2 protein chains.
Amino acid sequence: MSREASAETDVLLRRHGLQVTAQRLAVLRAVSDRAHRTADDIYRVARAEIGAISSQAVYNTLTALTDKGILRRIQPAGSPARYEDRVGDNHHHLICRTCRRMIDVDCAVGDTPCLTAADDSGYEIDEAEVIYWGRCPECVAGPRSRAVTHHKETAREEKDRRV
Amino acid sequence: MSREASAETDVLLRRHGLQVTAQRLAVLRAVSDRAHRTADDIYRVARAEIGAISSQAVYNTLTALTDKGILRRIQPAGSPARYEDRVGDNHHHLICRTCRRMIDVDCAVGDTPCLTAADDSGYEIDEAEVIYWGRCPECVAGPRSRAVTHHKETAREEKDRRV
DNA sequence: GGCTGATCTAGACTCACTCCAAGGTTGGGG
DNA sequence: CCCCAACCTTGGAGTGAGTCTAGATCAGCC
Ligand SMILES: [Mn+2]
Ligand SMILES: [Mn+2]
Ligand SMILES: [Zn+2]
Ligand SMILES: [Zn+2]
């Protein structure tokens with residue numbers, strides 16, 4: 001898997017005129033490993049994996065890859081930016097107001113969805129960004145103390161959530 | 001107008017258990033005067049109007065009014081928060097990638113719109129936030145140097161845009 | 001194995017807030 | 001008209017999430 005994946009990733013980077021570096025591969029792995037991580041999450045994961053990487057390199061890489069369209073950046077209100085490698089399908093997001101959990105939602109409309117506003121006022125629209133806000137099943141069931149701290153678990157990678 | 005509006009606003013504030021102060025009225029006026037202003041815009045406008053107001057008071061007021069549902073806060077990627085008094089109709093926004101101009105878009109679906117995600121995964125959705133990204137007619141026509149600096153005009157209130 | 005531009009690093013810096021503290025002012029119920 | 005909780009002010013410190021810069025290092029081509 002890792003050999004294979006790495007080869008693919010190499011090609012991906014080179015195709016976009018980017019050098020292949022340990023840092024970039026680590027960032028890319030951290031993102032594809034789990035969607036919607038923050039720059040800080042990615043920094044931590046990548047650092048754990050390759051030992052040394054600066055947060056600056058993470059920011060640079062994320063910006064470069066986002067600019068190239070290899071990654072997608074999501075910036076929900078009240079949260080640092082999150083990244084994913086599921087690009088080009090204009091899917092949407094559903095975020096729990098209580099615990100900040102974020103999940104993917106396929107577009108209700110289709111492939112090139114919701115790109116048609118009721119009245120575009122002459123604007124040339126290229127993206128319809130949709131964020132659904134609400135409460136996840138767990139938080140609806142019982143807003144236990146755990147729920148409140150959940151958004152911090154992203155950092156701890158939600159390892160032992162179900163203990 | 002101002003007498004009338006002020007009376008209405010008084011009632012609005014009191015109904016929510018808030019005292020009526022010169023600062024709050026000025027903030028409210030700055031917001032209703034032009035939608036989608038930033039806290040800093042509002043600070044400047046209010047200060048020009050009533051002479052003295054601290055930015056702290058602006059932040060406090062905006063937070064209080066947003067919490068009460070009197071104002072709505074919009075936080076688009078790459079921009080400080082913006083405020084409007086058009087609440088409760090779940091309308092959407094259309095933002096120009098080039099000049100940051102932001103306009104309202106009525107919901108394509110209806111009154112309680114787009115609240116139905118394709119698959120809500122058991123979430124209890126209460127809001128569908130939609131931001132359309134693209135380029136405004138002016139920026140499409142010709143990305144003149146003016147366009148680039150346009151987002152700064154918000155600060156200058158776009159007074160002399162069409163000179 | 002060298003060269004050179006692309007990349008990485010540490011550290012300073014910015015922006016948009018947020019959160020005090022301490023004292024001064026004011027709205028509005030009685 | 002009085003009072004006091006609610007509100008505002010100055011001033012300052014602190015924070016999260018980045019951006020910017022300058023010098024060190026490395027990828028990839030010869
Ligand atoms: Mn996603
Ligand atoms: Mn609006
Ligand atoms: Zn939740
Ligand atoms: Zn524009």
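Being a predicted model, the structure only gives us computed values, none of them experimental. In what follows, every chain begins at residue 1, and chains take the letters A, B, ... in the order their sequences are listed.
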Step-by-step side chain to side chain contact (heavy atoms under 4.5 Å, CB included) determination, B:Ile53 to B:Thr61: CA-CA 11 Å; B:Ile53 184 173; B:Thr61 299; 5.9 Å; no

Criterion side chain to side chain contact (heavy atoms under 4.5 Å, CB included) on A:Leu28 and A:Leu13, from CA distance to verdict: CA-CA 10 Å; A:Leu28 231 20; A:Leu13 288 172; 4.0 Å; yes

Full working for side chain to side chain contact (heavy atoms under 4.5 Å, CB included) between B:Ile42 and B:Val31: CA-CA 7 Å; B:Ile42 294 162; B:Val31 172; 3.7 Å; yes

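In this structure, B:His16 atom NE2 and D:dC7 atom C1' are separated by 18 Å, rounded to whole Å. Distance, B:Arg82 CZ to C:dC15 P: 16 Å, rounded to whole Å. Remark: P of D:dC26 and CZ of A:Arg24 are 15 Å apart, rounded to the nearest angstrom. Atoms OH (A:Tyr59) and C1' (C:dT7) sit 18 Å apart, rounded to a whole Å. Atom CD1 in B:Ile53 sits about 14 Å away from atom P in D:dC7, given to the nearest Å. Per the geometry, CG belonging to A:Leu25 stands 10 Å off P belonging to C:dC8, to the nearest Å. As a whole-Å value, the separation of A:Asn60 CG from D:dA17 C1' is 14 Å. Going from atom OH of A:Tyr43 over to atom P of C:dA10 covers 7 Å, rounded to whole Å.
Residues B:Thr38 and B:Asp41 have side chains that bring a donor and an acceptor to within less than 3.5 angstrom of each other.
Residue B:Ala81 has its side chain nearest to C:dC17 when only D:dG18, C:dC17, C:dT9 are considered. In the set D:dC8, C:dA10, D:dG18, the nucleotide with an atom closest to the side chain of A:Ser54 is C:dA10. Checking C:dT18, C:dA10, C:dA16 against the side-chain heavy atoms of B:Gln56 singles out C:dT18 as nearest.
Across the interface with DNA chain C, nearest-nucleotide mapping of A:Ala52 and B:Thr63 shows A:Ala52 to be the residue nearer the 5′ end.
The residue A:Gln23 sits close only to the backbone: its heavy atoms come under 4.0 Å of sugar-phosphate atoms, none of a base.
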Would you list the protein and nucleotides 26-29 of chain C atom pairs, both N or O, that sit under 3.5 Å from each other?
residue : atom : partner : partner atom : Å
C:dG27  : O4'  : B:Gln19 : NE2          : 3.3
C:dG28  : OP1  : B:Arg14 : NH1          : 2.9
C:dG28  : OP1  : B:Val20 : N            : 3.0
C:dG28  : OP2  : B:Arg14 : NH1          : 3.0

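Between A:Val105 and B:Asp119, the shortest heavy-atom distance links the atoms CG1-O, 4.0 Å.
Salt bridge annotation for B:Arg82-B:Asp104: absent, with no cationic side-chain nitrogen under 4.0 angstrom from a carboxylate oxygen.
Classified by interplanar angle (parallel below 30°, tilted 30° to 60°, perpendicular above 60°), the ring pair A:His36/A:His91 is tilted.
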